[in-house]
There are 2 protein chains.
Amino acid sequence: MARERKFSNRELYQATKELLLSHGYEGYTFTLLANQLDVSRAAIYKYYENKEELLSEYMLYELTNFLTKLKEVNKEKTFLDQFHALFDVIFDDMSLYQLREIGIQIPKVNKKVAMNKQKISHIITELYTSLQHFIDLGRHEKILRGDIPSNIVLGMIFQTVNIPNTEGISHQDWVNSMKDVICNGMFINE
Amino acid sequence: MARERKFSNRELYQATKELLLSHGYEGYTFTLLANQLDVSRAAIYKYYENKEELLSEYMLYELTNFLTKLKEVNKEKTFLDQFHALFDVIFDDMSLYQLREIGIQIPKVNKKVAMNKQKISHIITELYTSLQHFIDLGRHEKILRGDIPSNIVLGMIFQTVNIPNTEGISHQDWVNSMKDVICNGMFINE
DNA sequence: ATTCAAAGTTACACAAACGTAACTATTAGA
DNA sequence: TCTAATAGTTACGTTTGTGTAACTTTGAAT
């Protein structure tokens with residue numbers, strides 16, 4: 001018994017993501033978002049008290065999605081299968097790393113936001129656990145070097161998505177080169 | 001025949017850098033900067049018409065510095081010497097890559113800014129030329145693999161500085177692990 | 001067809017950042 | 001010591017974003 005909504009949650013999250021990536025956390029405003037969604041700014045306040053609340057929910061949504069995908073990756077039997085699956089996931093959504101950085105900036109302006117931030121930390125812990133399993137498997141299978149800190153292994157893998165492909169190399173070639181360098185390095189062997 | 005200045009260019013650039021890294025391009029304001037420098041906001045308008053002008057000059061300063069350092073790197077005789085020198089330069093100033101991204105966002109609000117942006121592009125071209133020499137040398141010396149796009153070689157090297165060292169590994173160990181992975185990869189050989 | 005709850009809009013008051021004009025302060029040199 | 005040039009401040013109007021209240025619109029259920 002209500003009027004039809006002019007924008008779905010999905011559209012809102014999509015617009016939010018674009019605005020966050022183009023304008024950053026401080027540049028993200030309800031005015032911009034409302035224009036993007038073609039509604040009045042006040043309409044958004046029907047659902048969220050302020051941008052911190054909206055953004056913390058959005059982050060939660062994004063990270064929960066990623067955790068689900070990551071758990072799928074962990075189901076692969078061998079380390080190499082997981083490795084390729086992880087790359088597929090990362091390159092499917094090229095912006096996770098930047099968004100996580102933004103999440104850290106959100107101040108706890110009310111109880112709801114504080115709760116969301118807590119949930120976010122929790123999910124990030126789960127993400128790390130999941131990723132640690134991946135690394136442990138690689139070491140156990142004697143494929144992944146044991147002398148490199150997990151931090152660096154994960155950092156390198158996740159940072160690759162931020163490298164701009166300015167020379168218009170095809171997606172497949174790009175990803176393959178990236179994997180190659182990560183696995184074998186950029187120096188010629190012996 | 002004038003009054004002494006309350007802040008030097010150097011202090012202004014230092015404060016600008018910190019504010020840019022903590023608040024991002026859109027979060028950077030003259031109000032924040034003035035507080036940081038302990039002067040009134042209006043004082044800054046004596047030197048810069050607006051933040052775009054200030055930031056474009058700052059970027060120019062930062063990139064010119066970097067280009068100078070990079071030319072020093074290019075003076076090293078062997079590829080390996082250049083490689084290590086480049087890492088020293090990059091890890092000495094951990095923020096160049098993020099700042100370059102910010103530079104792209106500056107809109108050309110007046111002639112001066114437009115001119116600065118043009119100079120910035122020019123310097124970036126020089127940077128790439130300089131880096132290309134580095135890569136060419138590595139390939140010529142048969143140390144650097146020839147089948148990896150220059151793009152990826154440079155991207156990987158520069159992105160490493162953005163990996164957060166959360167586990168408090170010592171700087172030296174950290175940099176060495178990073179180099180090791182870049183050179184030889186994270187997989188065990190054969 | 002009527003009702004009413006949720007969706008949406010308009011309009012207002014408030015706060016923060018911007019840019020400028022008119023002022024005061026400092027200091028080297030005539 | 002007087003002056004001119006530069007540094008800095010105060011104060012104002014403007015713009016942009018925020019949050020809310022009072023309103024209208026829509027559409028499924030009765």
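Owing to the predicted nature of the structure, the values given are computational and were not obtained by experimental measurement. Reminder, nothing fancy here: chain letters follow the sequence lines and each chain counts from 1.
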- Query: What's the CG-P distance between A:Asn35 and D:dT16, to the nearest Å?
  - Reply: 12 Å
- A:Glu72/A:Lys69 salt bridge by N-O under 4.0 Å criterion: no
- Message: Do B:Met115 and B:Leu54 sit in one hydrophobic cluster, given that two such residues count as connected whenever their side-chain heavy atoms are within less than 4.5 Å of each other, even indirectly?
- Response: no
- Would you mind telling me which residue lines up with the more 5' stretch of DNA chain C, A:Val39 or B:Tyr45, judged by nearest nucleotide? A:Val39
- Message: Any base atoms under 4.0 Å from A:Ser40, or only sugar-phosphate, or nothing? Heavy atoms, all strands.
- Response: base
- Atom-to-atom span, CD of B:Glu4 to C1' of D:dT6 - whole angstrom: 13 Å
- Query: 5'-most contact on DNA chain D: B:Asp38 or A:Leu32, nearest heavy atom basis?
  - Reply: B:Asp38
- Check: B:Arg41 side chain, C:dG19 base, donor-acceptor under 3.5 Å: yes
- Atom-pair distance (CG on B:Leu12; P on D:dG8), nearest Å: 11 Å
- Nearest-Å distance, NZ (A:Lys51) to C1' (C:dA16)? 13 Å
- Query: Roughly, in whole Å, what's the span from OH in B:Tyr25 to C1' in C:dA17?
  - Reply: 14 Å
- Message: At 4.0 Å (heavy atoms only), tell me whether A:Phe7 reaches a base, stays on the sugar-phosphate, or touches nothing.
- Response: sugar-phosphate
- Any donor-acceptor pair under 3.5 Å joining the side chain of A:Arg3 to the base of D:dT25? yes
- Task: Would you check if the side chain of B:Glu126 reaches a backbone N or O of B:Leu67 as a donor-acceptor pair within less than 3.5 Å?
- Result: no
- Send over the distance from A:Leu33 CG to D:dT18 C1', rounded to a whole Å. 14 Å
- Rounding to a whole Å, what distance do you find between B:Asn50:CG and D:dT15:P? 16 Å
- Item | Side-chain-base donor-acceptor pair under 3.5 Å for A:Lys46 and C:dG8 | yes
- Under 4.0 angstrom between B:Lys6 side-chain N/O and D:dT9 OP1 or OP2: yes
- Item | Separation of D:dT20 P from A:Ile44 CD1 (nearest whole Å) | 14 Å
- Side-chain atoms of B:Ala42 come closest, of C:dT20, D:dG27, D:dT18, to C:dT20
- Between A:Tyr47 and A:Phe7, ring centroids under 6.0 Å: yes
- Message: Under 4.0 Å, counting only non-hydrogen atoms across every strand here, what does B:Tyr47 touch: a base, just sugar-phosphate, or nothing?
- Response: sugar-phosphate
- Hey, can you tell me if B:Phe83 and B:Phe87 have their rings parallel, tilted or perpendicular (30° and 60° cut-offs)? tilted
